[in-house]
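What follows is one structure encoded as structure tokens, with my remarks underneath.
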Amino acid sequence: MDSAPPTPPSSPPSSPWLPFESRRRARDEKREAVLRAAVQLFLEQGYHRVTLNEVAERLNITKPALYNYFRGKDEILFECWSMGAELVDSVITEINAGSGSGLARLRKLVHAYAALMATDFGASLVRFDLRDLTERNAAVARAAKKRIDATFRDYIAAGMADGSINPCDPKLAAFAIAGSLNWIGHWYRRDGGLSPTAIADEFTARLTEGLAAAGPQHTIKKTPGAPQRRNPGNKTTGKKRTGGGTR
């Protein structure tokens with residue numbers, strides 16, 4: 001008499017829960033989506049005019065759902081600012097890990113910082129009022145600003161020491177450069193004529209050419225032709241725009 005075929009072992013029931021790493025990644029992605037929506041609204045309307053309801057509506061979720069990721073609007077503001085600060089820190093870490101003269105490092109920082117100012121999180125570094133943060137978070141933000149300023153000064157001082165930068169006052173030179181770069185975050189518009197890269201190229205040339213010591217090794221090689229524009233084939237009439245306008 002034939003025996004019945006063995007019964008295959010039953011597979012364990014599938015879990016409706018995602019693995020831990022997948023759940024954490026999904027949460028991080030949702031959290032970042034909240035920050036991206038919030039920073040856009042804060043920059044468009046101003047922090048005090050934006051409500052959490054508006055942030056939730058832009059994400060097509062409910063307001064209570066936001067509290068799964070943030071305790072309140074002021075925490076969202078600080079996290080938006082922190083995203084911008086982390087981008088700058090990442091740039092500085094990369095520059096410090098490489099080689100080059102003080103002038104070369106300064107130019108890398110100016111170029112990267114200018115491009116970041118044309119992003120939402122970059123603009124949050126200069127558009128948001130630190131008085132809207134808690135005292136603890138405001139202290140963190142002020143310390144970060146001092147580190148960035150110190151890095152500009154250090155590169156300028158290093159350039160003076162290695163001969164790539166003409167003698168100057170590093171503090172005043174850093175103020176002049178940072179002030180010009182920070183203003184990009186106020187006037188840049190996505191629908192402006194120049195791309196972030198074109199703006200960064202131009203600012204790097206203009207803000208460092210007066211500091212560079214004489215010599216071909218310290219000269220920026222310029223590409224012939226007009227600066228890169230977003231829509232070079234489009235003709236405009238009336239007053240020309242130079243990369244943006246006042247928001």
Side-chain angles (χ1 to χ4, degrees), residues 39 43 79-128 130 140-190 192 194-223 227-228 242-244:
V39 73
L43 293 174
E79 289 300 324
C80 289
W81 187 94
S82 296
M83 290 284 282
E86 288 173 8
L87 291 172
V88 178
D89 286 343
S90 178
V91 166
I92 293 174
T93 298
E94 182 178 351
I95 294 173
N96 288 340
S99 59
S101 65
L103 177 63
R105 293 189 177 203
L106 177 64
R107 282 174 170 161
K108 289 178 182 178
L109 180 56
V110 169
H111 194 278
Y113 195 92
L116 285 176
M117 283 296 106
T119 68
D120 288 338
F121 289 124
S124 71
L125 294 174
V126 296
R127 295 275 298 280
F128 294 165
L130 299 188
V140 172
R142 287 192 293 268
K145 285 177 176 287
K146 288 181 179 179
R147 288 198 305 271
I148 295 171
D149 174 66
T151 302
F152 276 106
R153 297 190 198 186
D154 289 345
Y155 289 168
I156 294 170
M160 291 168 57
D162 64 32
S164 60
I165 291 179
N166 290 318
C168 64
D169 185 325
K171 178 179 179 180
L172 291 180
F175 280 168
I177 292 173
S180 298
L181 295 175
N182 286 338
W183 199 244
I184 296 173
H186 291 275
W187 58 253
Y188 174 76
R189 293 177 63 96
R190 285 193 178 90
L194 297 177
S195 69
T197 299
I199 292 171
D201 289 345
E202 191 71 11
F203 269 67
T204 301
R206 296 292 167 258
L207 294 177
T208 64
E209 63 183 359
L211 293 174
Q217 69 273 29
H218 303 313
T219 302
I220 293 179
K221 295 181 180 180
K222 298 181 180 179
T223 302
Q228 175 189 355
T242 56

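T204 places a side-chain N or O within donor-acceptor distance of the main-chain N or O of A200, the cut-off being under 3.5 Å. Side chain of S101 to main chain of G159: no donor-acceptor pair is present (N/O by atom type, distance under 3.5 Å, no hydrogens or angles). Between the side chain of S90 and the backbone N or O of L87, no donor-acceptor pair lies under 3.5 Å.
Partners of A85 by side-chain contact (heavy atoms from CB on, under 4.5 Å), not counting sequence neighbours, listed by chain and number: W81, L125. With sequence neighbours left out, S180 forms a side-chain contact (heavy atoms from CB on, under 4.5 Å) with F203, L207.
The distance from the CD1 atom of I165 to the CZ atom of R105 is 12.0 Å, given to the nearest 0.5 Å. Here the OG1-CD1 distance, from T151 to I92, works out to 3.5 Å after rounding to the nearest 0.5 Å. Considering CG of L43 and OH of Y188, their distance stands at 12.5 Å, rounded to 0.5 Å.
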For I184 and L181, run side chain to side chain contact (heavy atoms under 4.5 Å, CB included): C-alpha distance rounded to whole Å, both residues' side-chain angles, the deciding distance at 0.1 Å, then the answer. CA-CA 6 Å; I184 296 173; L181 295 175; 4.3 Å; yes
Do I177 and L106 pass the side chain to side chain contact (heavy atoms under 4.5 Å, CB included) test, and can you show the C-alpha distance, the side-chain angles, and the key distance before you say yes or no? CA-CA 10 Å; I177 292 173; L106 177 64; 4.2 Å; yes
As a quick check of understanding, evaluate side chain to side chain contact (heavy atoms under 4.5 Å, CB included) for V39 and M83, giving each step before the final call. CA-CA 10 Å; V39 73; M83 290 284 282; over 6 Å; no
The test is side chain to side chain contact (heavy atoms under 4.5 Å, CB included); show your working for V126 and W183 and say whether it passes. CA-CA 8 Å; V126 296; W183 199 244; over 6 Å; no
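Among residues at least two apart or in separate chains, ring pair (Phe, Tyr, Trp, His ring centres under 6.0 Å) pairs with a member in residues 82-120 are Y113-F152. Screening residues 147-159 for salt bridge (charged side-chain N to carboxylate O under 4.0 Å, His left out) gives D89-R147, D149-R153 as the qualifying pairs, with residues at least two apart or on separate chains.
When all heavy atoms of F121 and C80 are compared, the pair lying nearest together is CD2-O, 3.5 Å. The two residues A112 and V91 make their nearest non-hydrogen contact at CB-CG1, 3.5 Å.
With hydrogens and angles left out, the side-chain atoms of R107 and T208 include a donor and acceptor closer than 3.5 Å.
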Do any side-chain atoms of residues 166-175 form donor-acceptor pairs under 3.5 angstrom with protein atoms, and if so which ones, sequence neighbours left out?
unit_1	atom_1	unit_2	atom_2	d
N166	ND2	A212	O	3.0
D169	OD1	K171	N	2.9
D169	OD1	L172	N	3.4

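Two residues are said to be in side-chain contact when any heavy atoms from C-beta on lie closer than 4.5 Å; Y155 and I95 meet this criterion.
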